[in-house]
Participant: 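One structure, as structure tokens, below. Some questions next.
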Amino acid sequence: MNLKTLLPGSTSPTGQQITLGVMGGGQLGRMFVQAAQAMGYFTAVLDPDPASPAGLISHYHILTAYDDEQGLAQLMQRCEAITTEFENVPAPALVTLGAHRPVAPSAACVAVAQDRIKEKAHFVQCAPVSGVFPAPYAAITTDALLAAVPADLLPGILKTARLGYDGKGQVRVSTREELAAAWDRLDKVPCVLEKLLPLRGECSVIVARGADGQAVTFPVQKNTHRDGILALTEVHEGALDAALAQRAQASAVAIAHHLHYVGVLCIEYFVVDGANGQPDLVVNEMAPRPHNSGHYTQDACDLSQFEAQVRALAGLPLPVPRQHSAAIMVNLLGDLWFEPNAARPKPSAIPVSPPWAQVLALPGTHLHLYGKLSARAGRKMGHLNITAPSVAQVRETTAQVLALLGLPALDA
Ligand code: ADP
Ligand code: MG
């Protein structure tokens, strides 16, 4: 892609302030906008929701559907370059934008990440270089392929090829009968069946790659999911085996290079038992954008994943990021906005404000709320980055935060 450098604070040939655009107005778009504005760029967001977290704070908010021709034309007219904040943006919209403006990541890269069948095929292609394979799997798109599924993929997880997130669009199956019934219930949309692996843990890597082909990675995140949603990310010495983390970074760079990816990419891995009792990696999936697990970079690194997204889009340099603090990120789901009720394990309907003043009295707590106007159970409302000069301290502060918020404690 021909991405010329867009210097912050300058004006375009038509005399307008250099403006960076983003498809999607969710929290990731909001944090992109914040990073772009901090550097002096104007921003434009395309999102149909008038109260979208990014739209609320952007210079321009184009309130149309993602595939609306007029909306896309307005976005191109406003912006010198355009990125995306969610992978389900319609690929044809990115193709249209890409014909007239630099778009990073490209429509082709987003198309791979949108579809688990293409994504896994890409991981398999990369494996000789990346050194990491996906879990054994089979694509299921026809009854014949369903019937031909090898027995050793069971028990497995049936996942829709498209539109799954936070564990949605997934069914665990143990037998062929369960598999057939599950695929039927999913209306026989294209799926992959993945072998269910015994996980030691999960980790992810944020890689940022410029149009010049230079790629940098951030320190590897150890992730804990609860009910299919990311709950905690820990990034500090000892959180992960150092050799394993290095392999994950090298693999992520190989995958980004192979795609000629421009922008910020997150790749998720499973940690499994390898030979000689050593931990091994399996590549799970990727997101063509900054990722929830990379939020710690905002307060613990000298470059955040969102500033990296801005830099990659604007054709600015991407020096190797340095982590300066031990970090733990706690996701803040809507459940925290409801009074816990001892009689019922689920939160009640009585809205409360979480105890932010007490949380913020602890050293190294950084609150990020997304400006969502209403809380719902499971809805991502914000996150809290906790930083400290030592592992012991970040864990101690996190333990206090989790107790204040009524969340499960850290693993020993
Ligand atoms: P999503 O798009 O919902 O994040 P994932 O493929 O990442 O979908 O699956 C969600 C979670 O389910 C993973 O983070 C992991 O905890 C679990 N999981 C997914 N696939 C497997 C598998 N093959 N074996 C074991 N656990 C899995
Ligand atoms: Mg996932």
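All ligand and atom numbering here is 1-based and tracks the order in the structure. Positions are given from 1 along the sequence.
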Participant: What I want to find out is whether R379 reaches D335 closely enough, with some N-O distance under 4.0 Å, to be called a salt bridge.
Facilitator: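 Looking at D335 together with R379, the answer is no, because their closest N to O distance does not fall below 4.0 Å.
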
Participant: For atom 12 (O) of ligand 1, which of E87, E119, Q170 has the closest heavy atom?
Facilitator: Q170

Participant: Regarding Q214 and R209, do their side chains bring together a donor and an acceptor under 3.5 Å, going by distance alone?
Facilitator: no

Participant: For F123 and Y269, run ring pair (Phe, Tyr, Trp, His ring centres under 6.0 Å): C-alpha distance rounded to whole Å, both residues' side-chain angles, the deciding distance at 0.1 Å, then the answer.
Facilitator: CA-CA 11 Å; F123 291 150; Y269 297 87; 8.0 Å; no

Participant: When you measure from the Mg ion (ligand 2) to each N, O or S atom of E268, which atom gives the shortest distance?
Facilitator: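 Result for E268 and the Mg ion (ligand 2): OE1.
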
Participant: How long is the gap from CG on L281 to CZ on F133, to the nearest 0.5 Å?
Facilitator: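 Separation between the atoms: 13.0 Å.
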
Participant: So, taking the atom named NE2 in H59 and the one named OG1 in T19, what distance separates them when rounded to the nearest 0.5 Å?
Facilitator: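 OG1 of T19 is found 7.5 Å from NE2 of H59.
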
Participant: Nearest to atom 1 (P) of ligand 1 by heavy atom, K195, M286, E285: which?
Facilitator: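 Answer by nearest heavy atom: E285.
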
Participant: Please say whether L197 places an N or O atom under 3.5 Å from an N or O atom belonging to ligand 1.
Facilitator: yes

Participant: Taking heavy atoms and a distance under 4.0 Å, where does L199 meet ligand 1: side chain, backbone, both or neither?
Facilitator: side chain

Participant: Below 6.0 angstrom between ring centroids: does that apply to H258 and H122?
Facilitator: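 Yes: the rings meet the under 6.0 Å criterion.
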
Participant: Between ligand 1 and F270, can you find any atom pair, the residue atom being a heavy atom, that is separated by under 4.0 Å?
Facilitator: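 Under 4.0 Å: yes for F270.
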
Participant: Before accepting this row, confirm whether a basic side-chain N of the pair R172/E178 lies closer than 4.0 Å to the acidic partner's carboxylate O.
Facilitator: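 Looking at R172 and E178, the cut-off is not met.
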
Participant: I need the atoms of ligand 1 closer than 4.0 Å to a non-hydrogen atom of N284, numbered in the order shown.
Facilitator: 5 (P), 6 (O), 7 (O)

Participant: Applying a heavy-atom cut-off of 4.0 Å, say which part of R226 lies close to ligand 1: side chain, backbone, both or neither.
Facilitator: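 Neither; nothing of R226 gets under 4.0 Å from ligand 1.
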
Participant: Please name the atom of E285, limited to N, O or S, that comes nearest to the Mg ion (ligand 2).
Facilitator: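 E285's closest N, O or S atom to the Mg ion (ligand 2) is named OE2.
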
Participant: Heavy-atom contacts with L196 under 4.0 Å: which atoms of ligand 1 show up? List them by number with element.
Facilitator: 24 (N), 25 (C)

Participant: Nearest heavy atom to atom 13 (C) of ligand 1: which of H225, E194, E202, R116 does it belong to?
Facilitator: E202

Participant: So, is the end of the R30 side chain (NZ or CZ) under 6.0 Å from the ring centre of Y370 and within 45° of the ring's axis?
Facilitator: no

Participant: How long is the straight-line distance from NZ of K188 back to CG of L146, given to the nearest 0.5 Å?
Facilitator: 7.5 Å

Participant: Going by the order shown, which atoms of ligand 1 are within less than 4.0 Å of some heavy atom of I157?
Facilitator: 18 (N), 19 (C), 20 (N), 21 (C), 22 (C), 27 (C)

Participant: Within ligand 1, which atoms have a heavy atom of E268 less than 4.0 Å away?
Facilitator: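 Listed by number with element, the hits are 7 (O).
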
